[in-house]
Amino acid sequence: MSTVKDYQLWINGQFVPAVAGETFESVNPFTGEPVARVPRGKKADIDKAVAAARQAFDEGRWPRMSGEERSRILKDIGEKMDAASAQLLSVMIAESGSTVRKAKGEVWLSAKNMGYFAKLAAQSLEKPIEALSRPGVSKNVLRREPIGVCAQIIPWNFPLQMAIWKLGPALAAGNTVVLKPAEETPAMALELAQILADSELPPGVVNIVSGYGEEAGAALAAHPDVDKIAFTGSTEIGKKLMAEAAHDLKRVTLELGGKSANIIMDDADLSQAVDGALYAAFFHSGQCCTAGTRLFLQDGIYDEFLKRFTERAKHIHLGNPAEKSTDLGPLVSKKQQERVLQHIAAGKKEGATCLLGGQAPTAPELQDGYFVEPTIFVDVTNDMAIAREEIFGPVVSVLRFKTEAEAVKLANASQYGLAGAVWSQDSEKALRVAQQLRAGTVWINEYHLINEKAPFGGYKQSGLGRELGEDALDEYTEVKHIHIDEIGDRSKKFWYDAVSAPAPQPA
Ligand code: NAI
Ligand code: MG
């Protein structure tokens with residue numbers, strides 16, 4: 001019997017129960033047993049959290065301190081995350097079903113990403129614009145200022161990294177935040193709250209409220225004192241939040257679904273491309289927004305590639321995510337497992353051929369977990385639902401193409417545009433294809449690699465705005481232009497005497 005740890009909401013620097021006193025449990029997806037009991041935050045809790053964030057923004061030190069000071073505090077948070085990595089790791093594995101390797105990578109990267117945002121915080125957000133300024137006429141300055149109170153709603157697949165990608169740039173720019181983690185992974189965010197509570201963040205700068213999407217999430221998105229909504233999750237909810245934001249023109253950034261094309265050309269290094277395609281499709285059991293779920297194989301290598309790919313996929317080891325030898329863990333929830341199995345059933349019904357997997361595994365030791373076998377579909381056409389819809393499970397659709405132009409056309413025939421990849425030893429050709437793909441990130445002979453200095457986000461229905469890189473700071477700031485007059489002699493400047501004497505006009 002595992003122990004169930006109790007958590008509290010973190011509001012205005014205090015750990016508190018929900019106003020209504022209700023709780024819910026998060027579950028270990030390998031055992032089905034509860035691992036954490038957390039407050040079920042609702043509108044009343046969101047109201048408290050937003051009020052705290054509002055006050056911290058309107059009257060508090062955080063937006064008013066120097067960037068260097070914020071940078072020092074954020075750097076310290078990154079270091080504290082590193083120091084707490086063993087605890088973060090064990091909560092992540094138990095609560096989300098992440099394998100040891102995935103979880104280790106995520107914890108390490110999250111702390112590192114926080115260090116990167118700390119560096120960004122130290123950059124001046126104010127710069128004189130030489131091209132605008134004209135001596136004797138005006139001096140012109142552009143300032144980037146924080147937007148205000150940010151609602152951040154995050155998913156369960158990368159529960160720590162998504163928190164840091166949102167908190168990092170918001171805090172670097174001087175905003176305050178109410179963060180709502182996914183109901184599947186609330187303990188991860190509330191563990192992070194412990195670290196933030198030990199830091200020098202002033203009370204109310206970050207508030208973390210666990211709860212259900214349609215309760216806490218919806219109340220947060222609708223709150224009139226929220227200035228910006230940042231969301232990662234399904235395209236369906238992303239659209240809802242954008243409509244909600246339209247009521248009072250809240251700023252919005254959205255990181256949504258994907259159906260990324262992974263294109264293998266005839267001249268690819270096959271052993272590397274097979275490895276890369278397995279990683280693209282099956283890493284974290286396919287629960288990645290960037291997953292390479294449409295695998296495009298060129299005619300010349302189709303048979304050989306598919307043979308090797310299927311053979312390797314058969315040997316992916318499903319097991320307890322807490323064991324180092326496990327390649328593929330369970331999906332996050334029973335609901336997600338059912339959703340993925342429904343997509344598979346729809347694919348079969350549409351006439352695609354299921355070459356491998358296609359069901360929950362039958363091994364007795366996996367029966368308590370929410371597993372789906374690595375699944376490969378062939379005879380897929382781009383108009384089938386399995387080639388169009390995000391599945392978020394270990395399911396890949398294999399498609400065939402003849403020419404480079406056909407590959408580009410098929411790859412772009414999607415409502416999504418988050419990521420994609422091209423595998424070829426001809427660097428000119430690979431670059432040519434990469435340039436034509438309508439997606440926010442394209443890898444050449446690589447997959448899933450995230451560079452914290454590079455903007456990350458989607459074209460089309462994969463989202464709006466960018467995370468990471470300096471672009472992330474832009475998404476958390478408003479731009480103000482300050483014009484400082486240097487003409488001095490006002491008599492001939494304004495409209496009332498412009499009739500008799502035209503004012504000097506800056507170019
Ligand atoms: P979801 O979009 O419903 O949930 C994501 C977050 O939004 C969670 O924190 C949830 O509590 C919150 N939320 C849900 N409804 C809300 C509402 N009405 N107002 C405010 N917040 C709300 O995603 P879900 O149900 O977990 O997964 C469904 C599908 O979404 C997956 O199968 C996958 O295709 C996609 N997804 C994509 C992700 C990505 O990284 N782009 C991450 C998670 C899911
Ligand atoms: Mg949902």
Side-chain angles (χ1 to χ4, degrees), residues 235 255-283 286 288-306 308-309 347 350 352 376-391 395-451 454-464 466:
T235 298
E255 202 265 274
L256 309 175
K259 194 75 190 177
S260 297
N262 191 17
I263 302 173
I264 321 290
M265 313 292 295
D266 278 344
D267 57 5
D269 174 329
L270 277 207
S271 67
Q272 285 204 31
V274 166
D275 262 4
L278 289 163
Y279 177 52
F282 299 132
F283 172 59
C288 301
C289 50
T290 49
T293 48
R294 288 186 301 152
L295 177 58
F296 287 99
L297 305 180
Q298 197 162 11
D299 250 355
I301 48 97
Y302 185 94
D303 293 326
E304 175 64 17
F305 189 99
L306 192 58
R308 291 205 215 174
F309 182 71
E350 272 182 305
I376 303 173
F377 274 104
V378 294
D379 303 324
V380 178
T381 55
N382 218 19
D383 58 337
M384 290 180 181
I386 47 163
R388 282 200 325 269
E389 291 169 7
E390 180 172 63
I391 298 177
V395 182
V396 63
S397 295
V398 181
L399 296 105
R400 193 180 193 123
F401 70 95
K402 287 198 175 67
T403 65
E404 189 184 315
E406 189 190 2
V408 168
K409 195 170 169 208
L410 287 171
N412 286 339
S414 169
Q415 63 171 329
Y416 294 118
L418 189 61
V422 191
W423 298 78
S424 165
Q425 297 185 80
D426 176 342
S427 53
E428 259 175 54
K429 185 203 290 177
L431 190 59
R432 196 163 61 225
V433 173
Q435 285 169 347
Q436 293 175 85
L437 292 181
R438 304 283 298 160
T441 299
V442 181
W443 294 282
I444 295 177
N445 301 329
E446 178 57 270
Y447 212 95
H448 281 318
L449 189 82
I450 296 285
N451 182 339
F456 175 81
Y459 285 25
K460 301 191 258 183
Q461 293 190 38
S462 288
L464 203 66
R466 294 292 180 269

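Applying the salt bridge (Lys or Arg N to Asp or Glu O under 4.0 Å) definition to pairs two or more places apart or across chains, none involves residues 441-451. Screening residues 396-418 for side chain to side chain donor-acceptor pair (under 3.5 Å), with sequence neighbours left out, gives Asp299-Arg400, Glu404-Arg432.
Here the side chain of Asp266 pairs a donor or acceptor atom with the backbone of Gly300 at under 3.5 angstrom. A donor-acceptor pair is defined here as one N or O able to donate and one able to accept, closer than 3.5 Å; no such pair exists between the side chain of Ser260 and the backbone of Gly292. Side chain of Thr235 to main chain of Leu256: no donor-acceptor pair is present (N/O by atom type, distance under 3.5 Å, no hydrogens or angles). Of the possible donor and acceptor atoms, none in the side chain of Lys460 sits under 3.5 Å from a partner among the backbone N and O of Gly417. Here the side chain of Glu255 pairs no donor or acceptor atom with the backbone of Gly457 at under 3.5 angstrom.
Between Val380 and Ala387, the shortest heavy-atom contact is CG1-CB, 3.8 Å. Contact between Asp267 and Lys429 at its shortest, heavy atoms only, is OD2-NZ, 3.0 Å. Listed here is the closest heavy atom pair of Ala261 and Phe296: CB-CE1, 3.6 Å. Among all heavy-atom pairs drawn from Phe401 and Met265, the shortest one is CZ-SD, 3.9 Å. Tyr459 approaches Gly440 most closely through the heavy-atom pair CD1-N, 3.7 Å. Closest heavy-atom contact between Val433 and Val408: CG1-CG2, 4.0 Å.
In this structure, CG in Leu295 is found 5.5 Å from CD1 in Ile264, a value given to the nearest 0.5 Å. To the nearest 0.5 Å, the span separating OG on Ser424 from CD on Gln298 amounts to 8.5 Å. In this structure, CD on Gln272 lies 8.0 Å from CD on Gln425, to the nearest 0.5 angstrom.
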Exercise for review: Mind running side-chain contact (heavy atoms from CB on, under 4.5 Å) on Leu297 and Val398 for me, showing each step along the way?
Suggested key: CA-CA 7 Å; Leu297 305 180; Val398 181; 3.6 Å; yes
Check your understanding: Between Tyr279 and Val274, does a side-chain contact (heavy atoms from CB on, under 4.5 Å) hold up when you go through it step by step?
Key -> CA-CA 9 Å; Tyr279 177 52; Val274 166; over 6 Å; no
Practice item. Might you work through the side-chain contact (heavy atoms from CB on, under 4.5 Å) test for Val395 and Phe377, ending with a clear yes or no? Key: CA-CA 8 Å; Val395 182; Phe377 274 104; 3.9 Å; yes
Exercise for review: Using the side-chain contact (heavy atoms from CB on, under 4.5 Å) rule, take Thr293 and Ile386 through it: C-alpha gap first, then chi angles, then the decisive distance, then the call.
Suggested key: CA-CA 9 Å; Thr293 48; Ile386 47 163; over 6 Å; no
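Using modelled atom types and a 3.5 Å distance limit, the side chains of Asn262 and Trp423 yield a donor-acceptor pair. Between the side chains of Thr381 and Asp383, at least one donor N or O sits under 3.5 Å from an acceptor N or O. Between Arg294 and Asn382, the side chains place a donor N or O and an acceptor N or O closer than 3.5 Å (distance only, hydrogens not considered).
By the salt bridge (charged side-chain N to carboxylate O under 4.0 Å, His left out) test, Asp275 is found to be paired with Arg312, residues two or more places apart in sequence or in another chain being considered. Take Phe305 and apply the ring pair (Phe, Tyr, Trp, His ring centres under 6.0 Å) test, not counting sequence neighbours, and it matches Phe309. Applying the salt bridge (charged side-chain N to carboxylate O under 4.0 Å, His left out) rule to Asp269 yields no partners; only residues at least two apart in sequence or on another chain are considered. Judged as a side-chain contact (heavy atoms from CB on, under 4.5 Å), and not counting sequence neighbours, the contacts of Thr290 are Cys288, Leu418, Ala419, Trp443, His448, Phe456.
At a threshold of 4.5 Å between non-hydrogen side-chain atoms, the residues Leu410 and Leu399 do not count as touching. Looking only at side-chain heavy atoms (C-beta outward), Thr441 and Leu449 stay at 4.5 Å or farther from each other.
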